[in-house]
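Beneath this line is the structure, given in structure tokens, with notes to follow.
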Amino acid sequence: MGLHKILKIVAFALAIIGAIFALMIMAGDEDTAQNMSSYMLYIAYAVLGIVLLLVVLFVIKGLFAGDIKKTLMTVGAFAAVIIISYVISSGTDLDLKPFTDKGSDVTTATSKNVGAGLYAFYILAAVAIGSMLYGGAKKMFNK
């Protein structure tokens, strides 16, 4: 039996267990619902851990099964976008006084990280839109 079939069976079993717990929470009283929901939280953490482990394993398997040079170039390009975004983000373009007056722990470093994330999003969105336009134009002219 392949790994894909095993994962489908495990996912189906977890879905049934989740449905049973949900029905028990809905049918029970408040104490039962509170106890069951705390157990469901632990189950959710366990399932999240299993899923993350499987994702990491499949990504590593895919890295070594495919073209490693192309994968490393893509990861390098993404890292370059993150670094460029961090460098061009100033962190001083926002007045932090309203945040600190409310008791928030917002510093210039936090502002710089948020700005870097926004710049990275803008760059990656522009690249995605540009590649879609390029692909569409190439398809139109090749017909």
Side-chain angles (χ1 to χ4, degrees), residues 1-28 30 33-143:
M1 186 162 26
L3 184 61
H4 183 68
K5 282 189 177 189
I6 293 172
L7 291 176
K8 279 176 113 174
I9 292 170
V10 168
F12 187 69
L14 288 173
I16 290 174
I17 292 170
I20 291 170
F21 280 151
L23 290 173
M24 289 173 68
I25 288 172
M26 286 187 257
E30 282 187 34
Q34 195 170 17
N35 288 337
M36 291 299 292
S37 58
S38 67
Y39 291 136
M40 289 206 43
L41 187 61
Y42 291 127
I43 291 171
Y45 286 144
V47 169
L48 178 65
I50 291 168
V51 167
L52 288 175
L53 178 71
L54 289 173
V55 166
V56 168
L57 289 175
F58 279 112
V59 166
I60 291 172
K61 179 185 170 207
L63 281 174
F64 291 114
D67 186 9
I68 191 82
K69 181 180 175 186
K70 189 180 261 188
T71 303
L72 289 176
M73 286 176 53
T74 305
V75 170
F78 182 73
V81 167
I82 299 298
I83 290 169
I84 291 169
S85 299
Y86 188 78
V87 168
I88 63 175
S89 175
S90 66
T92 58
D93 52 353
L94 179 66
D95 183 22
L96 301 178
K97 186 163 176 30
F99 296 104
T100 55
D101 288 345
K102 290 182 182 179
S104 295
D105 188 25
V106 178
T107 63
T108 55
T110 307
S111 179
K112 185 172 177 83
N113 288 338
V114 169
L118 288 171
Y119 283 130
F121 172 76
Y122 298 148
I123 292 168
L124 293 172
V127 168
I129 292 169
S131 65
M132 286 188 288
L133 290 174
Y134 173 75
K138 187 176 176 182
K139 198 176 207 181
M140 276 180 28
F141 291 123
N142 283 342
K143 282 187 174 184

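These numbers come from a predicted model, not from an experiment.
Within the model, atoms OH of Tyr119 and CD1 of Ile82 stand 14.0 Å from one another, a figure rounded to the nearest 0.5 Å. Rounding to the nearest 0.5 Å gives a distance of 8.5 Å between CD1 of Ile50 and CG of Leu53.
Contact record, Ile123 with Ser85: CD1-OG, 3.7 Å, taken as the closest heavy-atom pair.
The backbone N or O of Lys112 lies less than 3.5 Å from a partner atom in the side chain of Ser89, making a donor-acceptor pair.
At a threshold of 4.5 Å between non-hydrogen side-chain atoms, the residues Phe12 and Ile16 count as touching.
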Under 3.5 Å donor-acceptor pairs involving side-chain atoms of residues 126-140, not counting sequence neighbours:
unit_1	atom_1	unit_2	atom_2	d
Ser131	OG	Val127	O	3.2
Ser131	OG	Ala128	O	2.8

